[in-house]
Structure formats: structure tokens, C-alpha cells
Amino acid sequence: MKFSADIHPSKLWVGYALLLALVLMVHGLALVYLQDQFGDGVAIKPMPTPIFMRVLKPAAVVPPPPKPRKRVRAPRTAAPPAAVAAPAPEEAGEGPQVTVAEPSVPAADATPPAPAEPEPQVVEPPAAPNEAPQSSWPADTRLSYTLKGYYRGDFAGDGQVQWQRIDDRYQVQVDLHIASLFTGTMISQGVLTEGGLQPQVYEERFMNRVRRLTFDGQGVTFADGRVFPQPQGVQDTSSQFVELSHRFSSGLQPLVVGSQVALWLARPREMRFWTYDVVALETLQIPEFGAVPAYHLQPRQIANPTGVITAELWFAPSLQFLPVRIRINLGNGNYMDWLVNRIEQSAPPVVPTPPVVPAPT
């Protein structure tokens, strides 16, 4: 190739520099595309859609048996009432401690009042060790929700939370549809451990924009490239629903009004330690299920929040402690309310029947 003698050498160098920059940019975009398409060990690789064989219905909730009444010993006549000692802690009986004021000790000749009849309540999950076997995780499950809310006007839509597992790997996918105006998907993938879900990658896909978090066991890498130490038991926006449901259903964490539920939660821009207060056991009127008791979890306000989005959660013991209602508060009176209308699960594993051996003749 011959160049005209009229072209100054400095202009040639500028042209070469621009061409080199263009080649490097195209090469970088190609690498990003290939990484998203074929993965680098942490990219989302969608699991095949499971086959759902049955529709879940509320299970009968049996109230716990009333506690046995304490036997009141008659005071000794030889000792005055002032000399009667209070019972030692080991004589007071065993049972869960309740944060209420101790009643005053009645006089020796007073007739103790009859204890009030216990109100029917949801059976609490049994006590369990700090770990649960992998067999305690639920079958593949899909919860479908009806959405309503307000943001510059009323809106309606639908959503889904789908949980599935293959061997020791899991996927939680949350889908959101608001009419034909807005769609979004949040996917969490990772491994099952005896201590809970361990996310490895989380993606948000909103309005053709993808943001990703990765977890390598030592650090959490945010969408902008920042890396922070990974707290033990940290969850993401999608995995938290299944993680909390499993804690309650397996008994790893008893769900009691007045208690607290805490966990680290990583989002694309931040990671915070959240505390939920179990404020009430409420009865939700769900058209497809009727009256459903559910524990209401309300998040505490955190210091120096970067946003105003919070989520209130309702978990139903009669429906495997699944989240039957999710209210996302967007601030300034804006909100999004999810109410379950259908729960589907894969068929339970079939246990082979042993062959029948004929009796000897």
C-alpha cells in the first residue's frame, strides 16, 4: 500500500491510534458477550423447568394440647405465711421463658385462680439443631401471586416465585409482570448446605438491564466491581424467601410472635444486616384458600439507607411456612402487594414397593 506524500506522519499515527482503540473496544465487547452467553463459572445457567404435578392446599392446623396445671401445695400450718419460701427455679417446672412480669405470690390462704383456657394457635415447629439435612428442603415449588399497588396511580399485575433443586444445587426465580408496561426477573443460584442456602450468583433483569452479584465464599462482588467480605449466611433478594421458609418449616428458627429474625441481605448496590420483628399472627382472607393464619414479619429501620424500599412478609404454617403475602413498600405512599393465589409442587418421590415373596408351600 502506498500513501500520498502529502499526508503528514503525525496524522498517520493518529489514525493508527484510533483504529487500535476501535479494535480493542470491539474485542472487549466480544469478551463480555461471550462471558454472558457461555458463562465463566458464576454466570446464570437456567435450570430446566420442573413438572408440577399437584396443587398445594392448606393443611389442618391442630392447636397444641393445654399445658398441665401446676399442683399447688398446701402451706404448712406450723410455719407462718411470711416464712414460706418461694419455689426454687428447678421446682418451678420446665418450659419456654416468657417475657412478662412475674405475678405476685398469693397469700397462703388464698384460693389460686383457675388458669385461663389456652386460645387455639398454630403449632410451632419442633426444636431442632442448628443444621438440617438436605432432605428437609421442599419439593420443587411455584407460587403464583396477584399483584396490586400504587405508583403515580393504581396498577395491577401478577408474579411468581419458583424454587427448584437438582442434587445439591438450587435456583430461585422471581418474575414480575405489571400489565404490558413492566417486566422483571430476579434469579438466584447456588448450593444447598446443611446450614442453609449458599448463593453463588444473583442476577436482576429489569427493562433490558442486567445487574449481577457473585459470591465466592470469601467475598461478594457487586455489579460495579466492588468487593466486600462475605458474611456467613448471606442471602440475596430472591433466595431470602426460600431460606426463611426453610428455617421456619425445619425448626431451625422457631417462629413466635415477639421474636426477631435476622439475616445479611446482598443487593446489587449494597449489603445490609436486616432484622425482622415477628409482630403478629394474622388471619389472611385469601379467595383461593379461605382464612389462612400467617406470621407477619416487619423489617426494622436501618441506619443510613441508600433507598427506601423495604418488604413485609407473611409466612403461613398451614402452607409449609411459604410466603403467602409480600408487601414491598416503595416510599412516599407507593407500594406493591403480592397475595398468593396458587401453589404448585412436583410430585413427591416414589418409594419403590418391595417385591412380595410367596409363602413356601
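Owing to the predicted nature of the structure, the values given are computational and were not obtained by experimental measurement.
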Under 4.5 Å between any side-chain heavy atoms of [X] and [Y], yes or no?
X      : Y      : result
Trp264 : Val220 : no
Trp163 : Leu322 : no
Met47  : Asp140 : no

**OP:** Any chance you could measure Lys148, atom NZ, to Asp154, atom CG, to the nearest 0.5 Å?
**Re:**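 Rounded to the nearest 0.5 Å, the NZ-CG separation comes out at 9.5 Å.
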**OP:** Mind checking the CD-CZ spacing from Glu270 to Phe228? Nearest 0.5 Å is all I need.
**Re:**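 Between Glu270 CD and Phe228 CZ, I get 10.5 Å after rounding to 0.5 Å.
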**OP:** Would you sort out whether Gln189 and Gln171 count as a side-chain hydrogen bond (donor to acceptor under 3.5 Å, both in side chains), showing the intermediate values?
**Re:** CA-CA 5 Å; Gln189 288 185 344; Gln171 175 176 294; 2.6 Å; yes
Original post:
Under 3.5 Å, is there a donor-acceptor pair between the Glu243 and Ser239 side chains?
Top reply: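 Distance-only check fails for Glu243 and Ser239.
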Original post:
Do Gln230 and Gln218 have side-chain atoms, one donor and one acceptor, less than 3.5 Å apart?
Top reply: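 No, no side-chain donor-acceptor pair sits under 3.5 Å.
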Original post:
Which pair of heavy atoms, one from Leu143 and one from Pro323, lies closest together, and at what distance?
Top reply: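 Looking at all heavy atoms of both residues, the closest pair is CD2-O, 3.7 Å.
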Original post:
What are the two closest heavy atoms between Ala280 and Val257, and how far apart are they?
Top reply: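 Minimum heavy-atom separation between Ala280 and Val257: C-CG2, 3.8 Å.
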Flag, side chain of [X] to backbone of [Y], donor-acceptor distance under 3.5 Å:
X      : Y      : answer
Asp277 : Val279 : no
Asp167 : Arg169 : no
Glu194 : Leu192 : no
Gln160 : Arg142 : no
Gln320 : Ser245 : no
Glu344 : Phe52  : no

Subject >> Candidate pair Leu339 and Ile286, rule side-chain contact (heavy atoms from CB on, under 4.5 Å), full reasoning >> reply: CA-CA 8 Å; Leu339 188 64; Ile286 304 178; 4.1 Å; yes
**OP:** Flag yes if Ile328 and Phe182 sit in one hydrophobic cluster, no otherwise; membership is Ile, Leu, Val, Met, Phe, Trp, Tyr, and two members link when side-chain heavy atoms are under 4.5 Å apart.
**Re:**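 Linked, Ile328 and Phe182 end up in one cluster.
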**OP:** May I ask you to check whether Phe321 and Tyr295 place their ring centres under 6.0 Å from each other?
**Re:**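 When the ring centroids of Tyr295 and Phe321 are compared, they turn out to be at least 6.0 Å apart.
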Subject >> Mutual orientation of the aromatic rings belonging to His246 and Trp137 [parallel < 30°, tilted 30-60°, perpendicular > 60°] >> reply: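 Rings of His246 and Trp137: parallel, under 30°.
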Subject >> Test side-chain contact (heavy atoms from CB on, under 4.5 Å) applied to Arg205 and Ile44, Thr183, Asp175, the passing residue >> reply: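 Exactly one candidate clears the test, Ile44.
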Subject >> Identified side-chain contact (heavy atoms from CB on, under 4.5 Å) counterpart of Trp314 within the set Ile326, Leu284, Val340, Leu297 >> reply: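 The option that passes is Leu284.
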**OP:** Inspect the surroundings of CD in Gln232 and state if more than 12 heavy atoms from other residues, nucleotides or ligands are less than 6.0 Å away.
**Re:**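 At most 12 heavy atoms, drawn from other residues, nucleotides or ligands, come within 6.0 Å of this atom.
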Original post:
If you count the non-hydrogen atoms of other residues, nucleotides and ligands that lie under 6.0 Å from OH in Tyr151, is the total more than 12?
Top reply: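 Result for OH/Tyr151: open.
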